[in-house]
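Since the structure comes first, as structure tokens, the remarks are kept for the end.
Convention: sequence-line order gives letters A, B, ...; per-chain numbering from 1. As a basis for the values below, the full set of heavy atoms in this structure was taken, side chains included, without hydrogen atoms, waters or symmetry mates.
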Amino acid sequence: MTRFAPNPDFVIHLGNARPAILSHEYARKYKGKFILRFEDTDPRTKTPIKEVYNLIKEDLKWLGLRWDEEYIQSLRMNIFYETAFELIRRNGAYVDTCDIEESKRLIKEGKGCPTRSNPVEWQVEQFEKMIEGYYSEGEAVLRVKTDLNHPDISVRDWVAFRIIDTSKYPHPLVGDKYVAWPTYNFAVSVDDHLMGVTHILRGKEHMQNATKQMFLFKHMGWKYPTAIHFGRIHFEGFIMSKSKIRELISKEPDKYWGYDDPRFGTIRGLRRRGILAEAIKQLILEVGIKGTDTRITYTNLAAINRKILDEKAHRIMFVSDPARLTLEAPNKLEAKVPVHPSIEDYRRYIVSPGDTICLNKPDIKHGTVRLLGLGNFVIKEGKLHYLGSSLTEVKEKKIPIIQWVPCNNSIPVTVYKPEGLELESDRGYAELGITNYRVDDKLQFIRYGFVRIDSKDNDEVKVIFAHE
RNA sequence: GCCGCGGUAGUAUAGCCCGGCCAAGUAUGCGGGCCUUUCGAGCCCGUGACCCGGGUUCAAAUCCCGGCCGCGGCACCA
């Protein structure tokens with residue numbers, strides 16, 4: 001039994017995909033169950049966003065992850081309250097009504113707020129007051145009794161419940177219904193136990209949390225699950241940080257496209273860029289569960305993606321930076337452009353003498369060229385002189401085979417290329433065959449690279465460059 | 001500073017628990033060749049690593065100790 005427990009305050013990125021994919025994979029491998037649980041118990045500093053719950057579900061589905069159970073913590077508040085009362089009755093927690101700074105100091109000294117030693121009845125009464133709204137923010141917290149001499153100060157009597165003024169910070173799902181909110185460590189422990197989670201796979205930033213949570217498990221007489229912690233993923237050249245992305249979007253809303261901007265390392269961003277779910281999965285599985293940090297480059301992801309895409313992506317001729325040349329031939333010629341090298345299917349075009357053909361400017365210097373699917377030509381004084389269609393000659397003389405497009409019978413295309421935080425664009429023309437494809441289809445522009453169709457209408461197609 | 005985790009080629013990973021078959025496998029990258037109606041894919045060749053120092057042992061990437069480096073945590077965040 002494994003789980004993925006995101007905070008719905010932002011969409012997930014490649015780094016979050018790691019625990020999700022590994023937990024899912026682990027559960028499937030051992031025929032266990034996989035749970036999706038939204039951890040939204042902080043309406044104040046990590047305010048959940050209503051639409052994000054669904055965006056995350058969409059992302060997980062897109063990644064091919066299926067969950068057996070789904071929970072939302074903010075809808076389980078009564079369970080948390082009940083468990084807290086039980087914990088208090090077991091003498092495992094106390095209400096701290098000291099001043100924040102004061103109790104911090106006392107804990108540091110290994111003492112804790114004097115209310116720690118008040119009788120259980122007093123604690124129950126005080127916790128009821130916390131739930132009912134008697135205390136306001138900062139006036140009271142419920143602390144779990146731990147080792148007051150623990151070397152890690154943060155472990156000492158950690159906070160299980162605090163007051164959040166939901167009239168000021170309403171929760172997107174339950175509004176201002178509750179003011180006493182469980183902290184991550186409390187909610188996660190209760191839910192992991194109640195839901196029967198046996199294996200926790202998560203980042204190493206949670207290591208100390210395991211230490212904290214074990215005190216609670218011990219008080220309650222529960223068995224702590226097996227926890228595996230792995231290092232972080234540095235996705236070179238991509239921004240993954242939630243707060244950073246949020247800042248960028250709000251600062252320059254015109255420059256960025258939102259959660260799915262292909263310059264971001266979000267799952268939606270990668271998807272929009274033409275990365276396949278399968279590639280992300282393979283990458284994460286390959287990286288595995290090592291405790292060290294991992295530096296992943298886009299080249300790495302692209303390599304996996306290319307391998308999968310190559311078999312499927314149809315080929316299209318696209319000419320950027322066009323040079324216009326006039327066709328010189330004795331009669332009309334029929335071009336047969338292969339749709340894909342491994343299938344016997346061609347797009348046919350007729351070109352006539354006098355037509356203007358667009359070639360990639362740098363290709364002109366070759367002098368003699370083979371226009372893919374059409375024939376061999378020599379370039380002279382702005383004209384393309386037809387030499388024949390012999391392929392053996394092309395091979396013998398190593399004549400370059402290049403892409404081309406009839407200038408006046410083509411579709412304007414804009415290619416967006418994410419380069420760090422910039423989005424470069426490349427304009428050019430693609431053969432008419434591109435109109436057969438739909439938004440989200442992935443294509444290979446011959447001798448250019450793989451792209452994903454982002455939008456299209458009758459007279460223009462916009463694509464996003466994935467990789468070479 | 002204190003607590004914790006980890007260090008295998010440019011990058012990622014296998015091997016480490018249970019020492020020998022590891023003069024270290026795989027993928028990607030990079031260099032070269034073959035093939036191909038793409039500068040893509042495929043095939044072949046090459047490139048390149050056990051953080052350092054001690055110890056244990058017939059034998060250490062693997063076990064022990066010290067150092068160095070990287071990372072995480074030290075919240076009324078998750």
Side-chain angles (χ1 to χ4, degrees), chain A residues 5-10 16 38-42 44-48 73 96 100 103-104 108 137-143 150-156 158-164 180-185 187-188 202-212 229-234 236 242 282-283 285-297 299-304 306-307 309-311 313 315-318 335-338 340-342 346 360 362-363 370-376 389-392 394-395 399-403 444-450 467-468:
Chain A
N7 181 336
D9 67 337
F10 206 75
N16 307 130
F38 289 103
E39 311 218 313
D40 55 350
T41 59
D42 180 15
R44 183 173 49 199
T45 55
K46 290 206 171 165
T47 315
Q73 287 190 324
D96 170 351
I100 294 181
S103 67
K104 271 189 184 166
K108 212 170 185 174
E137 280 189 13
E139 288 181 350
V141 289
L142 183 74
R143 289 183 182 273
H150 195 278
D152 185 339
I153 296 172
S154 78
V155 170
R156 298 181 191 173
W158 55 270
V159 172
F161 279 82
R162 77 293 205 195
I163 307 294
I164 294 173
W181 286 88
T183 58
Y184 164 78
N185 277 305
V188 101
R202 61 185 170 198
K204 65 178 171 187
E205 63 271 22
H206 289 290
M207 262 178 184
Q208 266 70 2
N209 288 328
T211 315
K212 296 183 187 179
H229 297 106
F230 33 77
R232 302 197 141 194
I233 290 182
H234 297 284
E236 241 164 71
K242 294 175 178 184
Q282 272 185 35
L283 181 75
L285 258 25
E286 186 189 309
V287 166
I289 54 168
K290 252 178 80 165
T292 40
D293 287 6
T294 287
R295 302 190 79 82
I296 290 177
T297 58
T299 313
N300 220 292
L301 220 205
I304 299 171
R306 179 162 45 232
K307 206 161 275 176
L309 219 45
D310 183 67
E311 295 176 22
R315 273 48 172 176
I316 286 285
M317 294 195 293
F318 164 76
K336 276 175 71 186
V337 182
H340 189 282
S342 63
Y346 302 90
N360 220 355
D363 280 332
R370 163 87 180 179
L371 300 194
L372 184 76
L374 185 63
N376 310 335
S389 62
S390 163
L391 257 180
T392 47
V394 170
K395 285 181 197 168
I399 296 169
I401 298 160
I402 64 168
Q403 77 276 31
Q444 189 200 67
F445 280 177
I446 288 172
R447 297 176 70 230
Y448 187 86
F450 291 89
H467 48 74
E468 286 188 346

Next on the checklist: Quick test of your reading of the model: are A:Asp96 and A:Arg162 salt-bridged, counting only N-O distances below 4.0 Å?
Outcome noted: no
Considering only the [atom1] atoms, how many Å lie between [N] and [M], rounded to the nearest integer?
| N | M | atom1 | value |
| --- | --- | --- | --- |
| B:A14 | B:U8 | P | 11 Å |
| B:C30 | B:U11 | C1' | 12 Å |
| B:C58 | B:G53 | P | 23 Å |
| B:C5 | B:C65 | P | 13 Å |
| B:C52 | B:C69 | P | 15 Å |
| B:C50 | B:A24 | P | 11 Å |
| B:A9 | B:C51 | P | 7 Å |
| B:A75 | B:G66 | P | 29 Å |

Item to check | Phosphate contact (B:U37 OP1 or OP2) by A:Lys336 side-chain N/O below 4.0 Å | outcome: no
Checklist entry - Which nucleotide in the list B:G40, B:U36, B:C5 gets nearest to the side chain of A:Phe450? => result B:G40
Checklist entry - Of all the nucleotides listed (B:U13, B:U38, B:C5), which has the minimum atom distance to the side chain of A:Thr294? => result B:U13
How long is the line joining [atom1] of [X] and [atom2] of [N], in whole Å?
| X | N | atom1 | atom2 | result |
| --- | --- | --- | --- | --- |
| A:Ile304 | B:G40 | CD1 | P | 18 Å |
| A:Asp293 | B:C69 | CG | C1' | 13 Å |
| A:Glu236 | B:G29 | CD | P | 15 Å |
| A:Met317 | B:G40 | CE | P | 18 Å |
| A:Ile401 | B:C35 | CD1 | P | 13 Å |
| A:Lys290 | B:U11 | NZ | C1' | 11 Å |
| A:Phe230 | B:U13 | CZ | P | 13 Å |
| A:Asn300 | B:C30 | CG | P | 12 Å |

Checklist entry - Is there a donor on the side chain of A:Gln444 or the base of B:U38 sitting less than 3.5 Å from an acceptor on the other? => result yes
Considering every strand shown, what is the Watson-Crick or G-U wobble mate of [N] when both distances are under 3.5 Å?
| N | result |
| --- | --- |
| B:U28 | B:G10 |
| B:C21 | none |
| B:G48 | none |
| B:C5 | B:G70 |
| B:U57 | none |
| B:G40 | none |

When we call it a touch if two heavy atoms are under 4.0 Å apart, what does [X] touch: a base, just sugar-phosphate, or nothing?
| X | result |
| --- | --- |
| A:Arg306 | sugar-phosphate |
| A:Asn360 | nothing |
| A:Arg295 | sugar-phosphate |
| A:Gly373 | base |
| A:Lys307 | sugar-phosphate |
| A:Pro341 | base |

Checklist entry - Along nucleotides 73-78 of chain B, 5' to 3', which nucleotides get a B, which get an S, and which get a -, given that the test is a protein heavy-atom distance under 4.0 Å? => result SS-BBB
Just so I know, are the side chains of [X] and [Y] near enough to count as touching, which here means a heavy-atom distance under 4.5 Å?
| X | Y | answer |
| --- | --- | --- |
| A:Gln73 | A:Pro182 | no |
| A:Val287 | A:Ile296 | yes |
| A:Ile402 | A:Leu371 | yes |

Checklist entry - Could you go step by step and tell me if A:Leu372 and A:Arg315 meet the side-chain contact (heavy atoms from CB on, under 4.5 Å) rule? => result CA-CA 11 Å; A:Leu372 184 76; A:Arg315 273 48 172 176; over 6 Å; no
Checklist entry - Nearest 0.5 Å, what's the CD-CZ distance between A:Glu468 and A:Phe450? => result 10.5 Å
Item to check | Residue pair A:Glu236, A:Asn300: steps toward the side-chain contact (heavy atoms from CB on, under 4.5 Å) verdict | outcome: CA-CA 10 Å; A:Glu236 241 164 71; A:Asn300 220 292; over 6 Å; no
Item to check | Pairwise 5' ranking along RNA chain B for A:Ile296 and A:Glu468, keeping only the more 5' one | outcome: A:Ile296
Checklist entry - RNA chain B: A:Leu371 or A:Leu283, which has the more 5' nearest nucleotide? => result A:Leu283
Checklist entry - Between A:Val394 and A:Ile401, does a side-chain contact (heavy atoms from CB on, under 4.5 Å) hold up when you go through it step by step? => result CA-CA 8 Å; A:Val394 170; A:Ile401 298 160; 3.9 Å; yes
Next on the checklist: Heavy-atom count check: over 12 atoms from other residues, nucleotides or ligands less than 6.0 Å from A:Ile289 CD1?
Outcome noted: no
Item to check | Derivation and outcome, side-chain contact (heavy atoms from CB on, under 4.5 Å), residues A:Lys212 and A:Tyr184 | outcome: CA-CA 11 Å; A:Lys212 296 183 187 179; A:Tyr184 164 78; over 6 Å; no
